[in-house]
Structures are given as C-alpha cells and as structure tokens.
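I'd like to ask you about the structure that follows.
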Amino acid sequence: MRTHLTRAALAVAALTLSGVAACSSSPESAGPAPTHRVPKHAAVAVGGCLMSVGTDMNAKPTLSAPDSPACTTTPTKLAFADPIPGTGPAAKAGDSLSVKYVGLHWTTKQQFQASWDGSPQTFDVSPLGTASVIPGWNEGLIGVHAGGRRVLVVPAALAYGDAGSGEIAPNEALIFIVDIVSVTPGAAPSPSAATPSPTG
C-alpha cells in the first residue's frame with residue numbers, strides 16, 4: 001500500500017512539474033531560436049524564389065530556399081536582389097570591383113566554390129561589363145554599391161552553358177552571393193568590345 005502511494009505521488013509530481021514547465025516557457029526561457037529563424041539572415045525574393053540569406057558581412061554568407069516551384073524550376077533569366085544595399089555610387093560598365101563570393105548549384109543549393117575559402121579572399125572584376133568572368137556577372141553586377149551584398153541567380157546561358165566547367169554540369173544554373181568590397185570608377189568600355197565567353 002505504501003509503495004502504491006509513493007508511486008502515485010511521484011506520478012502526480014511529475015505531471016505537475018511538466019505542466020509548470022509548459023506554462024512557464026517564454027522567449028527568454030525557451031532556449032535556442034527555431035532553426036527557421038536563423039539570426040543575421042534576411043528574406044529576399046530573387047526571380048520569384050524567396051530565399052534566406054546571411055547578412056553578417058564579416059562571415060561567409062549562407063543561403064537556404066524552400067522546395068517551392070519558384071525555387072526548383074530551372075531559371076532561364078538573370079535575376080538578382082540586394083539583401084544588403086551598400087552605399088556610394090552605383091557600379092557602371094568600365095568600373096573595377098573588388099568582391100568576395102560564394103557560388104552555389106541551383107539544383108542543390110550547395111556550394112561549389114567560394115573566394116572566402118582561399119587567400120586572398122577578394123576577387124577583382126575589371127572592367128565591369130567586359131571582365132573575364134561569366135556574362136551573368138558582367139550583367140548582374142551593374143548597379144551594385146560598395147559594402148553591399150547581391151544575390152545573383154544566373155541561368156546556364158549566362159554561366160557555363162552546355163559545356164559546363166569542372167563540377168558544374170552542362171546547362172546548370174547557378175546562384176552567387178557576391179559581397180562588394182569596393183567600387184573604383186573607370187572609363188566606360190569601348191562599344192566595339194566583344195562580350196567574353198564564359199571562363200573558368
């Protein structure tokens with residue numbers, strides 16, 4: 001009989017404690033924030049796909065996107081958005097940019113390359129508009145501001161096309177998170193300058 005009462009008392013105490021814990025939970029005592037509310041991230045729509053992008057300019061940026069049709073259908077047009085606008089004059093054709101970047105596969109949203117992982121971390125794009133980079137960069141970085149972060153969604157036709165490059169498959173669309181370290185004004189390129197082909 002005594003054992004039965006002890007077990008009953010323990011059961012009541014456990015239920016009481018669990019009820020108190022449930023009722024006393026608050027933002028301060030609930031522990032870490034849910035994973036879908038990552039700190040220092042911003043929601044930004046790029047070509048219809050609502051992405052979550054890191055906004056800490058001192059850290060290598062991350063990106064996540066839902067499995068929605070807009071985020072899984074292969075893009076055919078260049079799209080971009082600026083989760084961090086930056087300041088100063090807008091970059092124009094002929095300017096020189098110093099940037100940091102992370103490159104992601106469109107299909108998996110996984111990284112294939114990042115200047116953050118190397119030394120130096122910065123990469124020069126000069127002269128903008130005819131630089132030796134993929135056309136998606138020459139077109140998509142027009143208008144950026146120093147100190148800004150731009151997300152580029154680049155269709156295969158403006159990336160590496162049907163040839164691909166390294167681990168980038170033929171006809172693969174890409175995502176780039178590009179941080180604009182600096183913009184140096186330059187002369188506009190000659191109208192006769194040829195548009196470069198995608199390069200590795």
Side-chain angles (χ1 to χ4, degrees), residues 25-92 95 97-118 121-123 125 128 133-160 167-169 171-183:
S25 63
S26 66
E28 292 77 24
S29 63
T35 55
H36 63 277
R37 285 187 184 173
V38 183
K40 294 191 177 180
H41 273 64
V44 60
V46 189
C49 175
L50 187 62
M51 304 176 178
S52 176
V53 183
T55 55
D56 183 353
M57 294 294 284
N58 295 313
K60 178 179 171 182
T62 58
L63 178 147
S64 62
D67 292 330
S68 65
C71 296
T72 55
T73 303
T74 302
T76 57
K77 294 181 180 179
L78 180 68
F80 60 84
D82 297 330
I84 301 174
T87 59
K92 63 185 185 306
D95 288 350
L97 307 184
S98 177
V99 305
K100 297 180 182 180
Y101 70 91
V102 173
L104 309 168
H105 299 279
W106 169 262
T107 52
T108 64
K109 310 301 187 284
Q110 297 300 307
Q111 176 185 309
F112 63 84
Q113 191 177 52
S115 68
W116 287 81
D117 298 339
Q121 291 185 345
T122 56
F123 178 79
V125 181
L128 182 60
V133 293
I134 59 173
W137 274 43
N138 274 315
E139 295 181 26
L141 294 179
I142 296 288
V144 295
H145 301 267
R149 174 168 288 173
R150 175 162 288 188
V151 179
L152 293 172
V153 171
V154 183
L158 296 177
Y160 296 93
E167 64 178 280
I168 299 170
N171 299 310
E172 183 170 9
L174 304 172
I175 302 169
F176 291 95
I177 309 169
V178 186
D179 290 356
I180 314 305
V181 178
S182 66
V183 177

Point to revise | Taking every non-hydrogen atom, the tightest pair across T74 and A173 | key: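 The answer is CG2-CB, 4.4 Å.
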
How far apart are the closest heavy atoms of A59 and W116, and which atoms are they?
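Closest approach of A59 to W116: O-CH2, 3.4 Å.
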
Heavy-atom closest pair (L50 atom, P66 atom, distance to 0.1 Å) is O-CD, 3.2 Å

Heavy atoms of L152 and G140 approach each other most closely as CD2-O, 3.4 Å

With sequence neighbours left out, the residues meeting side chain to side chain contact (heavy atoms under 4.5 Å, CB included) with T108 are H105, Q110

Contacts satisfying salt bridge (Lys or Arg N to Asp or Glu O under 4.0 Å) that involve residues 43-63 (not counting sequence neighbours) are K40-D56, K60-D117

For P83 and A81, the nearest pair of non-hydrogen atoms, with its separation, is CD-O, 3.4 Å

Residue pairs passing the disulfide (SG to SG under 2.5 Å) test with at least one member in residues 50-79, sequence neighbours excluded, are C49-C71

I'd like to know if the side chain of S115 reaches the main chain of Y101, judged simply by a donor and an acceptor atom lying under 3.5 Å from each other, with no hydrogens or angles considered. yes

The complete set of salt bridge (Lys or Arg N to Asp or Glu O under 4.0 Å) pairs with one or both residues in residues 62-83, sequence neighbours excluded, reads D82-R150

Roughly how far apart are D95 CG and I142 CD1, rounded to 0.5 Å?
->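 Here the interatomic distance stands at 7.5 Å.
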
Considering all heavy atoms of both residues, which atom of Y160 and which atom of I134 are nearest to each other, and what is their separation?
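That would be CZ-CG2, 3.6 Å.
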
- Please walk me through it: do M51 and V153 pass side chain to side chain contact (heavy atoms under 4.5 Å, CB included)? CA-CA 11 Å; M51 304 176 178; V153 171; 3.8 Å; yes

S98 meets the side chain to side chain contact (heavy atoms under 4.5 Å, CB included) criterion, sequence neighbours left out, with T122, D124, V181, S182

Residues at least two apart in sequence or cross-chain that pass side chain to side chain contact (heavy atoms under 4.5 Å, CB included) with L104, listed by chain then number, are L63, V102, Q111, I175, I177

| task | Kindly indicate, with the supporting measurements, whether the criterion side chain to side chain contact (heavy atoms under 4.5 Å, CB included) is fulfilled by V144 and F80. | result | CA-CA 10 Å; V144 295; F80 60 84; over 6 Å; no

| field | 4.5 Å side-chain heavy-atom contact, W137 and V99 | value | yes

*With rounding to the nearest 0.5 Å, note down the distance linking OG1 in T62 to NE2 in H41.*
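Going from the OG1 atom of T62 to the NE2 atom of H41 covers 3.0 Å.
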
Side chain to side chain contact (heavy atoms under 4.5 Å, CB included) with V151: of V46, I84, V178, only one passes, and it is V46

Requested in this report: Start with the C-alpha gap between L128 and V183, add the side-chain angles, then the distance that decides, and say whether side chain to side chain contact (heavy atoms under 4.5 Å, CB included) holds.
Outcome: CA-CA 10 Å; L128 182 60; V183 177; over 6 Å; no

